[in-house]
Amino acid sequence: DSTVKSMEWRAAEKELALTAHVKDAVPAQVVGDPTRLRQVLVNLLGNAIKFTDEGRVSLHVDMEADAGGDVALHFAVEDTGIGIPADKQQLIFEAFTQADGSTSRKYGGSGLGLAICARVVEMMDGHIWVESTPGRGSTFSFMRVDRDGKIRMDCSSPYAMAGLIALRDRFDVAF
Ligand code: ADP
């Protein structure tokens, strides 16, 4: 919670707009493993704020269900920050890799965050990728597919509404 709080504060300090857009079709309970989900979102949102000096950071959540019953949850963290050169867009998911030395001297960091995100998303049976234009911004996306609609709808769990919903409350947006 303190991580998200400090993130919100940092965004406010930089005067960035921080917004969340969650499609109506996404049930509130669709969180799977909220701890892991939150870990990835906190990392991606943290990076987006870190590497953006002007503009906005937005979280988008969408869900697609196909006729076979597979349900895909798609999360995208979009920023208007410094962007990532095409030849670095794969490398940054490796441990201890940063897009360039001067950037890391300015922004700090360990180069571990995205490697952890990639591993966690893999454990959720999903995948993660980035689309980015240097100087314009980046969108980090990850997708989690639930085969046969095996989505956990455990409303009785105190954690059922965590993750996404916690973010909603922190960012004080309606969805
Ligand atoms: P860290 O941020 O600690 O350096 P990460 O693994 O989280 O480590 O990120 C690796 C590198 O990827 C960063 O150093 C930066 O060069 C690049 N990067 C990650 N997210 C963004 C972003 N939203 N915008 C621009 N560059 C990014």
Side-chain angles (χ1 to χ4, degrees), residues 1-23 26 31-62 72-144 162-164 166-168 170-173 175:
D1 274 20
S2 58
T3 316
V4 181
K5 268 261 173 274
S6 76
M7 209 159 64
E8 195 182 20
W9 182 80
R10 270 188 289 145
E13 193 187 36
K14 286 174 125 183
E15 295 184 13
L16 297 177
L18 196 55
T19 59
H21 311 268
V22 180
K23 291 278 169 66
V26 181
V31 284
D33 182 333
T35 313
R36 288 178 178 173
L37 187 58
R38 188 197 301 237
Q39 196 176 11
V40 177
L41 285 174
V42 162
N43 259 296
L44 296 183
L45 287 166
N47 275 348
I49 294 167
K50 178 160 110 176
F51 294 107
T52 304
D53 290 328
E54 253 181 285
R56 68 192 145 70
V57 169
S58 335
L59 166 70
H60 303 266
V61 188
D62 197 4
L73 264 184
H74 177 200
F75 295 83
V77 175
E78 185 187 12
D79 69 53
T80 56
I82 62 171
I84 301 155
D87 63 338
K88 296 287 163 32
Q89 291 176 10
Q90 289 300 316
L91 290 175
I92 52 171
F93 291 101
E94 307 287 330
F96 306 114
T97 313
Q98 299 182 316
D100 84 78
S102 61
T103 309
S104 59
R105 277 191 295 281
K106 178 172 174 200
Y107 295 93
S110 63
L112 271 177
L114 287 177
I116 293 168
C117 286
R119 181 64 60 86
V120 171
V121 169
E122 212 173 278
M123 292 192 298
M124 296 193 296
D125 213 4
H127 59 282
I128 186 167
W129 71 97
V130 65
E131 290 149 287
S132 182
T133 308
R136 299 193 63 178
S138 312
T139 300
F140 282 84
S141 288
F142 66 99
M143 190 89 128
R144 202 195 68 204
L164 192 54
L167 284 164
R168 177 195 67 178
R170 291 285 173 259
F171 297 145
D172 194 23
V173 289
F175 64 75

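Any value given below was found using the heavy atoms of this structure, including those in side chains, with hydrogens, waters and symmetry copies removed. In listed order, ligands and their atoms are each counted from 1. If you're wondering where the values come from, they're calculated on a predicted model, not measured in any experiment.
- Only the backbone of L112 comes within contact range of ligand 1, with a heavy atom under 4.0 Å; no side-chain atom does.
- Close to ligand 1: F140, with a non-hydrogen atom less than 4.0 angstrom away.
- Taken to the nearest 0.5 Å, the NZ atom of K106 stands 10.0 Å off from the CZ atom of F51.
- The side chain of S138, and not its backbone, has at least one atom closer than 4.0 Å to an atom of ligand 1 (non-hydrogen atoms only; side chain from C-beta on).
- Distances between N or O atoms of A115 and those of ligand 1 include no value under 3.5 Å.
- Counting all heavy atoms, side chain and backbone alike, A48 lies closest to V57 at CB-CG1, 3.8 Å.
- Between F142 and V130 there is no side-chain heavy-atom pair separated by less than 4.5 Å.
- Contacts with ligand 1 closer than 4.0 Å are made by side-chain heavy atoms of K50 only, the backbone lying farther away.
- Of the candidates A99, G83, C117, A48, the one placing a heavy atom closest to atom 16 (O) of ligand 1 is A99.
- Looking at every heavy atom in both residues, K14 comes nearest to T52 through NZ-O, 2.9 Å.
- With a 4.5 Å cut-off on side-chain heavy atoms, F140 and N47 do not count as touching.
- At a heavy-atom distance under 4.0 Å, atoms from both the backbone and the side chain of L114 approach ligand 1.
- Near G113, the atoms of ligand 1 lying under 4.0 angstrom from a non-hydrogen atom of the residue are 5 (P), 6 (O), 7 (O), 8 (O).
- By the 4.5 Å heavy-atom criterion applied to side chains, N43 and L114 are not counted as neighbours.
- If you look at T97 next to ligand 1, the close heavy atoms, those under 4.0 Å, all belong to the backbone.
- In summary, the atoms of ligand 1 found under 4.0 Å from a heavy atom of Q98, numbered by their order in the structure, are 1 (P), 4 (O), 11 (C), 14 (O), 16 (O).
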Could you give the side-chain donor-acceptor pairs of residues 72-81 under 3.5 Å, partners two or more places apart or in another chain?
residue, atom, partner, partner atom, Å
H74, NE2, S141, OG, 3.2
E78, OE1, H60, NE2, 2.9
D79, OD1, G81, N, 2.9
D79, OD1, S138, N, 3.1
T80, OG1, E54, O, 2.7
T80, OG1, R56, N, 3.0

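- Given atom 23 (N) of ligand 1, the protein heavy atom at minimum distance is D79 OD2, 2.9 Å.
- Scanning the protein heavy atoms around atom 26 (N) of ligand 1, the nearest turns out to be I84 CG1, 3.3 Å.
- In terms of polar-atom proximity, G111 is counted as a contact of ligand 1, with an N or O under 3.5 Å from an N or O of the ligand.
- With respect to atom 12 (O) of ligand 1, the closest heavy atom belonging to the protein is I92 CG2, 3.2 Å.
- Annotation: side chain of W129 is not in contact with side chain of Q89 (no heavy-atom distance under 4.5 Å).
- Within the 4.5 Å cutoff, side-chain heavy atoms of I128 are placed close to those of C117.
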